[in-house]
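Predicted, not measured: the structure shown is a model, and the values here were computed from it.
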Amino acid sequence: MMFTTKCAIQNIRNVAIVGSGLMGSGIAQVSASSGLNVVLSDVKQDSLDKAMKSINKSLTRIAKKQNGSDKEKADYVTLTMSRIKTSTNVSTAVTDADLVIEAAIENIELKRGLFAQIEQSAKKDAILTTNTSSLSLEDIAKGLDDKTRFGGLHFFNPVPVMKLLEVIRSDHTSDETFATLIKYGTAIGKTTVACKDSPGFIVNRLLIPYLFQAIKMYEREDASMTDIDAAMKLGASHPMGPFELADYVGLDTCKFIMDGWAAKYPDNPAFAASPLLDALVAEGKLGRKTKEGFYSYKNTNKQ
């Protein structure tokens, strides 16, 4: 039975999540379904309302797939939803949190501003984390007074489905903070992997350059996109080829990550830009979400 929601962590009972988009709402869902009290914060009430509807829909879908009576399934959804509160005031949202997870957009100045506000309002022993996928923890935490309580929790989309959680520590993250973050990840049902504060951590540091190498191979006319995709699916057992995967991730996202690394490490050839990718993004062809990227999705039902 899946309807047991007792959390194994004794020193983390209250979680505040800043940002209610796909990542933030997913983190709220898995935390609440594991027995934690959650405050989900965003600047717009409309965004919070949308997130709560999405979480309810996701929980209902999960419950339907499990064994148990209709009442047990309904109670699971109701109980989990009851653990999630919302707030449009970040300072108020983090006041009682044992763990704060920032899940805002990938903008360094925005994140620094949020953490200045969060550190001022949160408990002195609260652990502060970011869900960044590409920015440096050191850069984000530059203005924090106590960097020992700061770390990274990189979830993957969709959060309720993806089992992996990258737990990242900077040079300042204390052993106690890091150990608690590992325990939190395990308690919410994730497989945790540890990583230092390095570009892209584990997954994106390997994935994004791989995608760019495939694009550069095509730019050199070494092989066609379809042949490269077929080769990696059939020869390396990848579920998607690199061009299919780039379209799925979003070409703007790929470019944003690589541009950030290139700016910080200009002499690293692995972070060189792709003229083809730059052109597609400039034309608004961002992949599946715009129905066109490396491939066209206009005549399919795929989203």
Nearest heavy-atom neighbours spanning Met81 and Ile55
SD-CG2, 3.7 Å
In plain terms, say whether [X] and [Y] are close enough for a salt bridge, that is, a side-chain N and a carboxylate O under 4.0 Å apart.
X	Y	answer
Arg220	Asp222	yes
Asp96	Lys123	no
Asp49	Lys53	no
Glu106	Lys111	yes
Arg112	Glu109	yes
Arg149	Asp146	yes

Please say which of Leu277, Leu245, Ile257, Asn204 ends up in a side-chain contact (heavy atoms from CB on, under 4.5 Å) with Leu211.
Leu245
Less than 3.5 Å apart, any donor N or O on the side chain of [X] or [Y] sitting next to an acceptor on the other?
X	Y	result
Ser58	Gln29	yes
Ser170	Thr173	yes
Ser20	Asp42	yes
Ser31	Tyr184	yes
Ser121	Ser91	yes
Thr88	Gln45	no
Asp229	Tyr295	yes

Centroid separation Phe150 to Phe115 less than 6.0 Å
yes
Could you tell me if Arg169 sits above the aromatic ring of Phe178, with its cationic atom closer than 6.0 Å to the ring centre and no more than 45 degrees from the axis?
yes
Student check: side-chain heavy atoms of Phe271 and Pro266 closer than 4.5 Å
no
Between Asn89 (side chain only) and Thr92 (backbone N and O only), is there a donor and an acceptor less than 3.5 Å apart?
yes
Show, in sequence, the C-alpha distance, side-chain angles and deciding distance for Glu244 and Lys233, and conclude whether the salt bridge (Lys or Arg N to Asp or Glu O under 4.0 Å) test is met.
CA-CA 10 Å; Glu244 293 171 318; Lys233 286 190 288 186; 3.3 Å; yes
